K.L.:
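Supplied in structure tokens, the structure appears directly below.
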Amino acid sequence: MAILPVITHPNELLTTKCKEVKVFDEKLASLLDDMYDTMIASDGIGLAAPQVGETIQVAIVDLGEGQEVIEMINPEVVEISGSEIEIEGCLSFPDIYGEVERPFYVKVEAQDRDGALYELEAEDYEARAILHEIDHLHGVLFTSKIIRYVDLEELENEEDES
Ligand SMILES: [Zn+2]
């Protein structure tokens, strides 16, 4: 296991449409393990493979609330509903935060590290993190969806309040 360097904007790998994963092997498993270590070391709640230089459809999400880490290979959004505006950040944009509107609920179909298909439902901040990572796999960055930038000072004040 290893901590990988996180690619930051601007870098064309971040805006590349990622390829479908067809081989579910040891290499994929160790990429997932390395991505997890990298996400934890970077204090993130999600990470997509292009952020560590691999333009393949692999992403992870872990809100750090004790559940199992969500590993999504070739994920597809099959249902969304509702909408919510919240502040988001991204490990590829250090120090940039902004309000983004996203669906409140999402249903995703994805494969696990062994290639087995599964379905996942999420709401609220978990749905937001999942959709943010899936966007990465299509080369879509959250900055293209920010409706209002939030400076660090404002962010810290909000954190103090909650
Ligand atoms: Zn991101």
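Not measured: the values here are computed from a predicted model. Whatever order the structure lists them in is the order used to number ligands and atoms, beginning at 1. In this chain, residues are counted from 1 in sequence order.
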K.L.:
Can I get a per-line list of side-chain donor-acceptor pairs under 3.5 Å for residues 42-56, giving both atom names and the distance, sequence neighbours left out?
P.N.:
| from | atom 1 | to | atom 2 | distance (Å) |
| --- | --- | --- | --- | --- |
| Ser42 | OG | Thr38 | O | 2.6 |
| Gln51 | OE1 | Ala48 | N | 2.9 |
| Gln51 | NE2 | Ser92 | OG | 3.0 |

K.L.:
With sequence neighbours left out, write down each residue that passes side chain to side chain contact (heavy atoms under 4.5 Å, CB included) with Val69, or none if nothing qualifies.
P.N.:
Tyr36, Ile60, Asp62, Glu71
K.L.:
Take the Zn ion (ligand 1) and tell me which protein N, O or S atoms are nearer than 2.8 Å.
P.N.:
Cys90 SG, His132 NE2, His136 NE2
K.L.:
When you check the gap from the basic side-chain N to the acidic O, do Arg113 and Asp25 get nearer than 4.0 Å?
P.N.:
no
K.L.:
Please identify each residue that fulfils side chain to side chain contact (heavy atoms under 4.5 Å, CB included) with Glu84, with sequence neighbours left out.
P.N.:
Glu86, Phe104, Asp124, Arg128
K.L.:
Which of parallel (below 30°), tilted (30 to 60°) and perpendicular (above 60°) describes Phe93 and His9?
P.N.:
parallel
K.L.:
Sub-3.5 Å donor-acceptor pair from the side chain of Ser144 to the main-chain atoms of Val140, do we have one?
P.N.:
no
